[in-house]
Amino acid sequence: MSIYNILKQKKKLLIILLAIVICISIFIVFLIVMLNTNDEFKVKFYSDDKSLLKIDTVTAGNSAIPPVNPEMTYGNIFSKWDTDFTSVSKNLEIYPVCNSVKGKNNVFAMPGVYGKANDSVMIPLSLCGDVILSGFDIAVEYDSDFLKLESVLNNDGNVIYNESIPGKVNINYTSVENTIADVDICFLKFKIIENKREIPVSIKMNKVYAFDKNGKLYNPEYTIVNSNIYVY
């Protein structure tokens with residue numbers, strides 16, 4: 001056998017060996033990917049005081065499910081979670097981002113909420129902070145292309161609302177004396193009809209009233225904390 005033929009056979013053997021190595025490498029990578037896909041991770045949700053609210057076990061690549069109504073300490077209004085949890089690839093510890101209303105007057109607040117497309121979500125509209133008022137006229141505005149208002153749950157018989165205009169809920173309250181306690185004005189139930197990442201729900205103040213020490217009406221200070229619906 002000539003040297004040429006020997007080299008030619010060795011070359012063929014090297015090519016075959018290289019092809020085998022490549023195939024084995026691809027198979028190993030495939031196994032690693034498949035094994036990692038089946039991994040499970042722990043996602044922990046905490047309150048603003050670092051107390052544990054929920055632990056969710058999530059398969060790699062899937063979304064965690066956050067607490068529905070996360071409780072915050074008094075004076076903090078939940079806004080959103082500080083970490084994305086829609087495609088989990090490791091263990092996560094997630095904390096809330098909050099709006100502080102401590103020391104603020106007549107706070108009209110709606111917390112942020114999370115849901116999936118076609119879910120129904122509930123947003124409380126609360127009057128909190130240092131409350132001293134006797135009446136208000138507000139509108140809650142939302143994008144009717146992405147949200148459908150399903151109902152308004154009214155806990156207080158003195159609250160009057162009108163939901164006849166798509167994209168807006170008008171809410172009125174009047175009293176013969178000042179209200180001084182925190183109260184949930186109502187609960188707005190929305191259905192998420194489009195898969196948009198972030199859908200704002202905002203409060204527009206028209207009028208607000210309070211009685212002074214002499215029983216005369218005046219327009220007091222107020223604070224507005226708006227909401228976002230986050231679709232995951």
Side-chain angles (χ1 to χ4, degrees), residues 47-49 51 53 67-80 96-115 120-144 147-191 199-229:
S47 184
D48 58 331
D49 62 359
S51 60
L53 296 176
V68 176
N69 296 304
E71 291 187 9
M72 303 293 112
T73 56
Y74 183 78
N76 283 335
I77 306 298
F78 175 77
S79 176
K80 61 180 181 179
V97 176
C98 295
N99 291 300
S100 175
V101 299
K102 296 175 183 177
K104 296 183 179 180
N105 298 326
N106 302 318
V107 180
F108 293 83
M110 295 185 298
V113 298
Y114 282 74
S120 293
V121 295
M122 195 84 72
I123 303 180
L125 170 59
S126 301
L127 177 60
C128 53
D130 297 330
V131 180
I132 302 178
L133 57 77
S134 62
F136 55 80
D137 176 11
I138 64 175
V140 176
E141 298 180 343
Y142 60 95
D143 192 334
S144 58
L147 298 173
K148 177 183 178 182
L149 181 66
E150 293 187 316
S151 62
V152 179
L153 305 179
N154 180 10
N155 286 349
D156 191 330
N158 292 326
V159 173
I160 300 172
Y161 60 90
N162 184 336
E163 53 184 301
S164 61
I165 302 174
K168 181 183 291 188
V169 182
N170 292 306
I171 302 172
N172 295 274
Y173 170 84
T174 56
S175 175
V176 295
E177 58 184 9
N178 285 337
T179 298
I180 58 174
D182 293 359
V183 63
D184 288 327
I185 299 169
C186 62
F187 292 83
L188 305 172
K189 185 179 181 182
F190 292 100
K191 183 174 183 179
I199 309 170
V201 180
S202 58
I203 301 168
K204 180 181 179 181
M205 178 63 69
N206 296 320
K207 294 179 181 178
V208 60
Y209 313 96
F211 291 105
D212 63 17
K213 294 180 180 179
N214 298 318
K216 185 178 179 180
L217 281 174
Y218 73 102
N219 301 119
E221 294 181 353
Y222 63 88
T223 301
I224 290 176
V225 177
N226 290 318
S227 172
N228 282 301
I229 296 176

Rounded to the nearest 0.5 Å, what's the gap from [atom1] on [X] to [atom2] on [Y]? Could you check?
X      : Y      : atom1 : atom2 : result
Leu153 : Asp184 : CG    : CG    : 11.0 Å
Ser126 : Phe187 : OG    : CZ    : 6.5 Å
Asp182 : Ile185 : CG    : CD1   : 10.5 Å
Phe190 : Glu150 : CZ    : CD    : 10.0 Å
Ser202 : Asn228 : OG    : CG    : 9.5 Å
Lys168 : Glu141 : NZ    : CD    : 5.0 Å

### Message
side chain to side chain contact (heavy atoms under 4.5 Å, CB included), that's the test. Do Ile77 and Cys128 meet it? Break it down for me.
### Response
CA-CA 10 Å; Ile77 306 298; Cys128 53; 4.2 Å; yes
Side-chain touch [X]/[Y], heavy atoms, less than 4.5 angstrom:
X      : Y      : result
Asn76  : Pro96  : no
Ile203 : Met110 : yes
Val183 : Val131 : no
Ile171 : Val152 : no
Pro111 : Pro124 : yes
Tyr142 : Leu188 : no
Leu217 : Phe211 : yes

### Qualifying side-chain hydrogen bond (donor to acceptor under 3.5 Å, both in side chains) pairs with a residue from residues 209-218, counting only residues at least two apart or across chains
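As it turns out, there is no side-chain hydrogen bond (donor to acceptor under 3.5 Å, both in side chains) pair with a partner in residues 209-218 once direct neighbours are skipped.
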#### Entry: Inter- and intrachain pairs under side-chain hydrogen bond (donor to acceptor under 3.5 Å, both in side chains), touching residues 96-114, at least two apart
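Pairs touching residues 96-114 that pass the test: Asn105-Glu221.
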Check: [Y] main-chain N/O paired with [X] side-chain donor or acceptor under 3.5 Å:
X      : Y      : answer
Asn154 : Val159 : yes
Ser47  : Glu71  : yes
Asp48  : Thr73  : yes

### Query
Looking only at heavy atoms, what is the nearest atom pair of Ala139 and Asn170, with distance?
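In terms of heavy atoms, the two residues are closest at CB-OD1, 3.5 Å.
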### Task
For residues Leu53 and Met72, report the shortest heavy-atom separation together with the two atoms involved.
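So the minimum-distance heavy-atom pair works out to CD1-CE, 4.3 Å.
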### Query
Within a radius of less than 6.0 Å around CG of Leu149, do more than 12 heavy atoms belonging to other residues, nucleotides or ligands occur?
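Count over threshold, so yes.
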### Task
Apply side chain to side chain contact (heavy atoms under 4.5 Å, CB included) to the pair Val121 and Leu147, showing each step before the final yes or no.
CA-CA 10 Å; Val121 295; Leu147 298 173; 5.7 Å; no
### Message
Show, in sequence, the C-alpha distance, side-chain angles and deciding distance for Leu133 and Leu127, and conclude whether the side chain to side chain contact (heavy atoms under 4.5 Å, CB included) test is met.
### Response
CA-CA 10 Å; Leu133 57 77; Leu127 177 60; 4.0 Å; yes
### Query
By side chain to side chain contact (heavy atoms under 4.5 Å, CB included), which residues pair with Met205, not counting sequence neighbours?
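Residues passing side chain to side chain contact (heavy atoms under 4.5 Å, CB included) with Met205: Phe108, Ile138, Val208, Tyr222, Ile224.
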